[in-house]
Amino acid sequence: MSMQISVVGLGSGGAEQLTLGIWKLLQSADQLFIRTKHHPVMALLDEESIGYTSFDDVYERHHNFPDVYEEIVAALIDHTKELAAQGKAAHVVYAVPGHPMVAESTVQQLLARCETEGIKLDIRGGESFLDAAFAALRFDPIEGFALLDAADLQPAQLQPQLHTIIGQVYDQYTASDVKLALMERYPDDYEVIVGHALGVAEQEQIIKLPIYELDRIEGYHNLSIIYVPRSTDDALRNRTFDRLHEIIAVLRGPNGCPWDMEQTHQSIRKNFIEELYEALEAIDADDPAAMQEEFGDVLLQIMLHSQMEEELGSFSVYDVLQSLNEKLIYRHPHVFGENSASDAEDALKNWEAMKAKEQEEKGIAATRPSVLDGIPKDLPAILTAYKLQKKAAKVGFDWDSIEPVLDKIAEELEELKAEIASGNVDKQAAELGDLLFAVVNASRFIDADPEQSLARTNLKFKTRFQYIEEKLRINGKSFDHTNLVEMDQWWDEAKKIL
């Protein structure tokens, strides 16, 4: 026996929005299911004594919408199959608010499942809440329009140049989440509109208010939406990644900046390094304002290099983003997969294991015959030493404790002293390198980053030396009018207070 589910839309308002065909189907249905009784058309069904079964009790049993929708779909399919098994007419009518193909998750799930279950799915439209919204809010969607779900709203989805309607705003809690997402893209006082029961006679409400007040009003229900008017304000577009990509393309384009147009990977290579160090300086200073600016400068370098390759047809910055996203997901199976990680150490092991597997799949491992391969050649010498030692330690070439490391430092120090005494300049430099290498090795055993440790000491030295300079200034002196004894005294003072 054939099986069929007919999905019909009840429209977003009262009975006047029902088409004649849908009304006749509702009247003749032997098996009528309603997603929710909270809809203006229900009064007409009750008036005409049309029997139906609602799924409102399903909402009460679950704490999230995905579980609700899954149970509704399963119930509809199971009931249809049960009717067929009993030899009865296996035709079920399922009525949903609005239009079945607009913001209706259960219908999307039915589309996916009915085909595999051998059930014919018939979809009949109804007036969507969008029809009422376009009329009430007075905008033309052809100018650019986005429909978003409040339950899963992300700031990245918001595009200020588009008219945006956010549906499924059931309560103040949902409105609060929407508010926080909007404030990532728009000014706090940007005016938006809350629409309640648009198109429903005597129930329609249109409330204009700034974003920050969205969760301060009451009255949200299943017929509530939030409308964010489009804006051509460049200040809003400048908060989007697409705008940055557009600006870089213009700068490098035919009518762009002569300097930007002339640059190559090699000509701005040093800029990349300088910007990275300036960003690190901002981090070390714990200066949020400086970090914001310097991170932007680093991003600019990435965008310029990516744009150069986009012009050659090699890749674009969107390919860079895709590769990065895929790498992060692949190397975090304990987050995006079935693996687990109880702490940071386990997480790092997962990362390293997936990295090794990835390199093997790409054939990178075959091109690196040494376990010491894979360290950037332009890395500072101290960091290079640190990474070389870590790689060697992973295959067992390491001491078991720090004591032999400290002995090695003492040994290298004595060898340096001996070469200084001999006057052999070349060997002095070589022994100094051995001493530094041994000291870096000690950093691994105390879990200290040698680069950061030295950076802190550099800053400490700079601060104390500037204390000496300040003392000279206060005493009306210069370095020509002092001596080491006096400077040592001020140095000792600085050590006590700095």
Side-chain angles (χ1 to χ4, degrees), residues 259 268-301 378-387 389 402 405-406 408-498:
W259 185 89
I268 60 171
R269 180 179 181 276
K270 65 179 185 304
N271 300 44
F272 208 155
I273 297 171
E274 290 172 3
E275 298 299 355
L276 284 169
Y277 278 113
E278 288 178 9
L280 290 174
E281 185 177 358
I283 291 172
D284 292 340
D286 194 22
D287 185 340
M291 281 188 243
Q292 177 180 328
E293 180 176 355
E294 298 302 338
F295 293 169
D297 290 343
V298 171
L299 182 56
L300 170 60
Q301 298 304 309
D378 291 324
L379 209 61
I382 284 182
L383 281 180
T384 299
Y386 184 67
K387 288 185 173 292
Q389 293 165 7
I402 194 172
V405 180
L406 298 178
K408 186 63 176 176
I409 293 173
E411 176 189 326
E412 297 296 351
L413 179 58
E414 290 303 318
E415 291 179 5
L416 175 59
K417 289 178 180 178
E419 294 303 335
I420 291 173
S422 72
N424 190 322
V425 177
D426 289 337
K427 288 188 175 181
Q428 289 171 13
E431 292 300 340
L432 177 62
D434 291 346
L435 176 59
L436 291 173
F437 194 84
V439 171
V440 169
N441 210 4
S443 71
R444 290 190 307 110
F445 282 84
I446 61 172
D447 293 324
D449 185 309
E451 186 74 20
Q452 292 181 7
S453 298
L454 185 56
R456 284 195 293 268
T457 298
N458 289 341
L459 180 60
K460 182 167 56 179
F461 177 87
K462 180 180 178 181
T463 303
R464 291 174 181 176
F465 190 82
Q466 287 173 340
Y467 180 85
I468 295 175
E469 290 180 314
E470 179 65 12
K471 283 295 185 180
L472 286 171
R473 187 190 65 78
I474 292 173
N475 288 277
K477 294 182 177 183
S478 67
F479 286 107
D480 293 334
H481 300 97
T482 188
N483 54 47
L484 184 57
V485 174
E486 185 175 41
M487 286 192 288
D488 271 342
Q489 290 175 346
W490 287 329
W491 179 269
D492 290 336
E493 287 182 18
K495 285 176 65 175
K496 295 176 182 177
I497 60 177
L498 299 173

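Bear in mind the structure is a predicted one, so any value in this text is a computation, not a measurement. Atom set for the values below is all heavy atoms of this structure, side chains included, hydrogens, waters and symmetry mates excluded.
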With no hydrogens and no angle check, is any side-chain donor or acceptor of T457 less than 3.5 Å from a backbone partner on S453? yes

Under 6.0 Å between the ring centres of F465 and F479? yes

Given the rule in the side chain to side chain contact (heavy atoms under 4.5 Å, CB included) test, do F445 and L406 qualify, once you have shown the distances and angles that lead to the verdict? CA-CA 10 Å; F445 282 84; L406 298 178; over 6 Å; no

Minimum heavy-atom distance E451-D449, with the two atoms named: N-OD1, 2.8 Å

My understanding is that only one of D488, N483, L484 makes a side-chain contact (heavy atoms from CB on, under 4.5 Å) with E486; could you say which? N483

Nearest non-hydrogen partners of K471 and N475, listed with the distance: O-ND2, 2.7 Å

Between L416 and L435, the two heavy atoms sitting closest are CD2-CD2, 4.0 Å

Evaluate the criterion side chain to side chain contact (heavy atoms under 4.5 Å, CB included) for residue pair L276 and V298; output intermediate values, then yes/no. CA-CA 6 Å; L276 284 169; V298 171; 4.0 Å; yes

Decide yes or no for F437 and Q389: does some side-chain heavy atom of the first lie under 4.5 Å from some side-chain heavy atom of the second? yes

Polar side-chain atom of E275 near backbone of F295 as donor-acceptor pair, under 3.5 Å: no

Do L379 and K387 come close enough that some side-chain heavy atom pair is under 4.5 Å? yes

Over 12 non-hydrogen atoms of neighbours within 6.0 angstrom of CD in E411: yes

Approximate separation, where rounding is to 0.5 Å, of I283 CD1 and E278 CD: 12.5 Å

Do other residues, nucleotides or ligands put more than 12 heavy atoms under 6.0 Å from the NZ atom of K495? no

Give the intermediate values and the outcome of salt bridge (charged side-chain N to carboxylate O under 4.0 Å, His left out) for residues E493 and K496. CA-CA 5 Å; E493 287 182 18; K496 295 176 182 177; over 6 Å; no

Please round to the nearest 0.5 Å and tell me the distance separating atom CZ of R464 and atom CG of L498. 7.0 Å

Is R473 paired with E469 through a side-chain N to carboxylate O contact shorter than 4.0 Å? no

Please name the pair of heavy atoms, one in I409 and one in A442, separated by the smallest distance, quoted to 0.1 Å. CD1-CB, 3.9 Å

Rounded to the nearest 0.5 Å, the CD1 atom of I468 sits from the OG1 atom of T482 at a distance of 8.5 Å

Kindly determine whether L459 and D284 satisfy side chain to side chain contact (heavy atoms under 4.5 Å, CB included), including the steps that lead there. CA-CA 10 Å; L459 180 60; D284 292 340; over 6 Å; no

What are the two closest non-hydrogen atoms of M291 and A282, and how far apart are they? N-CB, 3.7 Å

Nearest heavy-atom approach of L472 to S478 is CD2-O, 3.9 Å

Who passes salt bridge (charged side-chain N to carboxylate O under 4.0 Å, His left out) against E274, sequence neighbours left out? none

Hey, are the side chains of N441 and Y386 touching, using non-hydrogen atoms and a 4.5 Å cut-off? no

Please tabulate, for side-chain N and O atoms in residues 424-433, each donor-acceptor pair with protein atoms closer than 3.5 Å (sequence neighbours left out).
| from | atom 1 | to | atom 2 | distance (Å) |
| --- | --- | --- | --- | --- |
| N424 | OD1 | D426 | N | 3.3 |
| N424 | OD1 | K427 | N | 3.1 |
| Q428 | NE2 | E419 | O | 3.1 |

For the residue pair Q301 and D297, establish whether any side-chain heavy-atom pair is separated by less than 4.5 Å. no

